[in-house]
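Since the structure comes first, as structure tokens, the remarks are kept for the end.
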Amino acid sequence: MNIASYNFAYLDEQTKRMIRRAILKAIAIPGYQVPFASREMPMPYGWGTGGVQVTAAIIGPNDVLKVIDQGADDTTNAVSIRAFFQKVANVAVTTKTGDASIIQTRHRIPEKPLGQGQVLVYQVPIPEPLRFLEPRETETRKMHALEEYGLMHVKLYEDIARHGRIATSYAYPVKVEGRYVMDPSPTPKFDNPKMHMSPALQLFGAGREKRIYAVPPFTDVVSLDFEDHPFEIQTFTEPCALCGSTGVYLDEVILDDRGGRMFVCSDTDHCEECRDEH
Amino acid sequence: MYVAVKGGEAAISNAHRLLADRRRGDRSVPAIGLDQIVEQLALGVDRVMSEGSLYDRDLAALAVKQARGDMIEAIFLLRAYRTTLPRFGYTKPIDTEAMLVERRVSATYKDLPGGQLLGPTFDYTHRLLDPQLAEDAPVDEPERREEPGEKIMRVSEILAGEGLIEADGVLPDDHRPGDITREPLEFPMARDTRLQALARGDEGFLLALAYSTQRGYGRSHPFVGEVRIGEVELELEVPELDFAVPLGSIRLTECQMVNQFKGSSKVPPQFTRGYGLVFGQSERKAMAMALCDRSLRAEEFGEDRLAPAQDEEFVISHSDNVQATGFVEHLKLPHYVDFQAELDLVRRMRAEQAEAGEEEGKEAAE
């Protein structure tokens, strides 16, 4: 048995070229889902194979990589993906948002505003924002092509009629550059405003569903809403129990079995930086 | 930082060490060899090759060993290796008529050219546990027939003579086969790519769907025209040479399902076909595949598409067990950011409802 050694960043160069083509097309049509020939990766589908393929296609030897899951650098899957790129690409890694040239993320956008030249790579489970309204790909592609998004507005309206508010708290749909309705991946809607006019390039990879889409720098990203029910983000009444930050997304940590709990920053790098400053 | 998963790095490496220990099990028991897996768990190896889409017994056996016998994990290991291999080209279509047949049965004809050959089958065994197998009791040498040395006509060709069955059809000369490992799936699919997807589809899933068609969810009136198992030679056309180069042979199971068809406005009544082809020996998979193939051709014959097994997007999107297991199992990854968002929403909605309840209570009291 002759097990070959692997190419830089795991994927062979032809595959990388194919993925880069899809990325370029995605950048050219913001918010449009570009089908690509997703490969089997050495981690399971649903565990970030799309994000890993995008990162593998764009990463170079001089890049500095940060990987977060739930906002944290030390969650197990983030550790695993970071270790993968250290192994197959031997690149520098960091936990500092400001130092990274590529940030691969699952479920969060870092609190620290991203700058020009940075790339945020999202891991996407279900790229189709209309999927739970219409399960058929043949139908949803048609709806996007015809810009037929009435169904989505009806869904949001029904939420308001039934619950008094829009009952979508994460994976909240956005409209990109006034054309395509896009799923921001299951980030909390708290993070939606960060996507708007971001100087960073945002790339979205869905491995199992074989789709790549993008939000180029300085692009309009508007969360869907109604005039009388404007979009609003989550607010927390308490500051972070560790660093005292306010206006950031917090995780609830259960402390004991008597209902004791505290709220702490979900973005661990932000939390550490704040504590260092004090 | 107070997070239970802090120290992920050390936890992961310790978990993998423990996994390696459990995989090996009791060290006083000899380790199982790849040759033992290849020889004695051959049907498991066949399934891994088939759904892993890579014909290599040793690698499949290694995957089975590494996966501790978890078939889907083994299939996944093989796929993740396969995907890194370069593609040299596409072989010529195989000729299953020239198959060196070890088993060949037809349920439509009592006797037919080439005969019925039972071969190494579980059929007609009584499923009684055999205590002798617990030890290494000697096994008799098999009876061998003389190699017939001539092609065994496929049963579909017998009916084709009368025009009673749909023909194989011909592909245009410049036809390039689709390749689901190199191009993203698009619906509706062509039949070649659909068959590729079915060939690597999960045996259990296809079996259940095939079964559903027999129980009335998209009934297709099937007969096993023929199942054959044996070795087939592979040939590759090399541009510099003007003849095809033999690459060796692979073992395959082929199933031709013959289905009654009453005809439609477009097509006169005739028998139609479903097709199944898998690596190694797996009649169950080949037959299930053939039934699913026929069901998915409903539109082609102008039949109503009402049952799940007739719905291409439903069947093909969910047939890949590597995708399915990954996505189902990813639910154990942390989701606390999203859960927090939902928690917050439910708390708010409950508070609002309680408030509204109080208001109503007051109004009623007034």
Side-chain angles (χ1 to χ4, degrees), chain A residues 1 3-4 6-7 10-12 35-42 44-47 49 69-72 74-80 83 106-108 125 135-138 163-165 167 169-171 186-190 208 210-211 234 236 242 249-253 262 264 266 268 271-272, chain B residues 1-9 11-12 15 34 56 58-59 62 76-77 79-87 179-188 311 313-314 317 320 322-331 333-345 348-349 352 356:
Chain A
M1 242 171 288
I3 308 285
Y6 293 103
N7 190 28
Y10 181 76
L11 295 172
D12 58 284
F36 81 112
S38 174
R39 299 289 194 257
E40 274 96 359
M41 295 302 280
Y45 286 111
W47 298 55
T49 55
D69 184 349
Q70 315 293 304
D74 55 9
T75 34
T76 41
N77 205 41
V79 168
S80 164
R106 174 170 174 262
H107 292 197
R108 275 312 308 277
R136 269 165 218 288
E137 185 66 21
T138 36
H163 310 296
R165 61 174 69 241
S169 55
Y170 62 93
T187 49
K189 66 178 178 180
F190 179 88
R208 195 177 37 77
K210 301 178 172 58
R211 296 288 184 274
Q234 289 104 340
F236 293 85
L242 295 175
Y249 198 78
L250 301 178
D251 279 340
E252 187 171 335
V253 180
M262 65 174 188
V264 299
S266 128
T268 49
C271 197
E272 272 161 32
Chain B
M1 171 69 194
Y2 187 100
V3 173
V5 288
K6 173 93 179 165
E9 221 139 334
I12 289 175
L34 296 191
D56 187 318
D58 291 328
L59 287 180
L62 176 62
F76 180 20
L77 282 167
R79 288 256 196 104
Y81 174 66
R82 175 201 200 277
T83 193
T84 65
L85 299 176
R87 174 144 314 223
D179 186 344
I180 59 167
T181 69
R182 288 292 183 273
E183 288 138 37
L185 292 185
E186 260 184 71
F187 297 108
D311 185 330
E313 267 206 65
F314 177 79
S317 302
D320 190 306
V322 177
Q323 291 177 4
T325 198
F327 200 47
V328 167
E329 292 196 53
H330 106 284
L331 291 175
L333 287 180
H335 281 81
Y336 27 78
V337 165
D338 294 347
F339 186 68
Q340 187 63 48
E342 292 286 84
L343 208 56
D344 173 69
L345 179 70
R348 271 171 212 260
M349 289 186 355
E352 272 167 25

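None of the values given here were measured: they were computed from a predicted structure. Chain letters run A, B, ... following the sequence lines, proteins first and then strands; every chain starts at 1.
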Pairs of heavy atoms under 4.5 Å with chain B: top-ranked of [options]:
options	value
Ala37(A), Ala171(A), Pro188(A), Ala83(A)	Ala37(A)
Arg108(A), Arg106(A), Lys189(A)	Arg106(A)
Lys210(A), Arg211(A), Arg165(A)	Arg165(A)
Thr49(A), Asn77(A), Thr187(A)	Asn77(A)

Under-4.0 Å salt bridge between Arg79(B) and Asp320(B) | yes
Of the backbone (N, CA, C, O) and the side chain (C-beta and beyond), which part of [X] lies under 4.5 Å from a heavy atom of chain A, both, or neither?
X	value
Thr181(B)	backbone
Glu183(B)	backbone
Pro188(B)	both
Leu343(B)	side chain
Phe327(B)	both
Asp179(B)	neither

For the [atom1] atom of [X] and the [atom2] atom of [Y], what is their distance to the nearest 0.5 Å?
X	Y	atom1	atom2	result
Thr84(B)	Asn7(A)	OG1	CG	10.0 Å
Arg82(B)	Asp56(B)	CZ	CG	12.0 Å
Glu313(B)	Thr138(A)	CD	OG1	4.0 Å
His163(A)	Glu352(B)	NE2	CD	11.5 Å
Tyr336(B)	His107(A)	OH	NE2	11.0 Å

Can you tell me if Arg182(B) uses its side chain to pair, donor with acceptor, with the backbone of Ile180(B) under 3.5 Å?
-> no
With sequence neighbours excluded, residues passing ring-ring contact (aromatic ring centres under 6.0 Å, His included) with Phe314(B) = His318(B)
Counting heavy-atom pairs under 4.5 angstrom with chain A, the leader among Asp338(B), Asp344(B), Leu345(B) is Asp338(B)
Go through Ala80(B), Pro184(B), Gly326(B) and name the one with the most non-hydrogen pairs under 4.5 angstrom from chain A.
-> Pro184(B)
Which atom of Arg208(A) lies closest to which atom of Tyr45(A), heavy atoms considered = CA-CD2, 3.5 Å
For [X], is it the side chain, the backbone, both, or neither that has a heavy atom closer than 4.5 Å to a heavy atom of chain B?
X	answer
Leu250(A)	backbone
Arg136(A)	both
Ser80(A)	both

Do the ring centers of Tyr249(A) and Phe236(A) come within less than 6.0 Å of each other?
-> yes
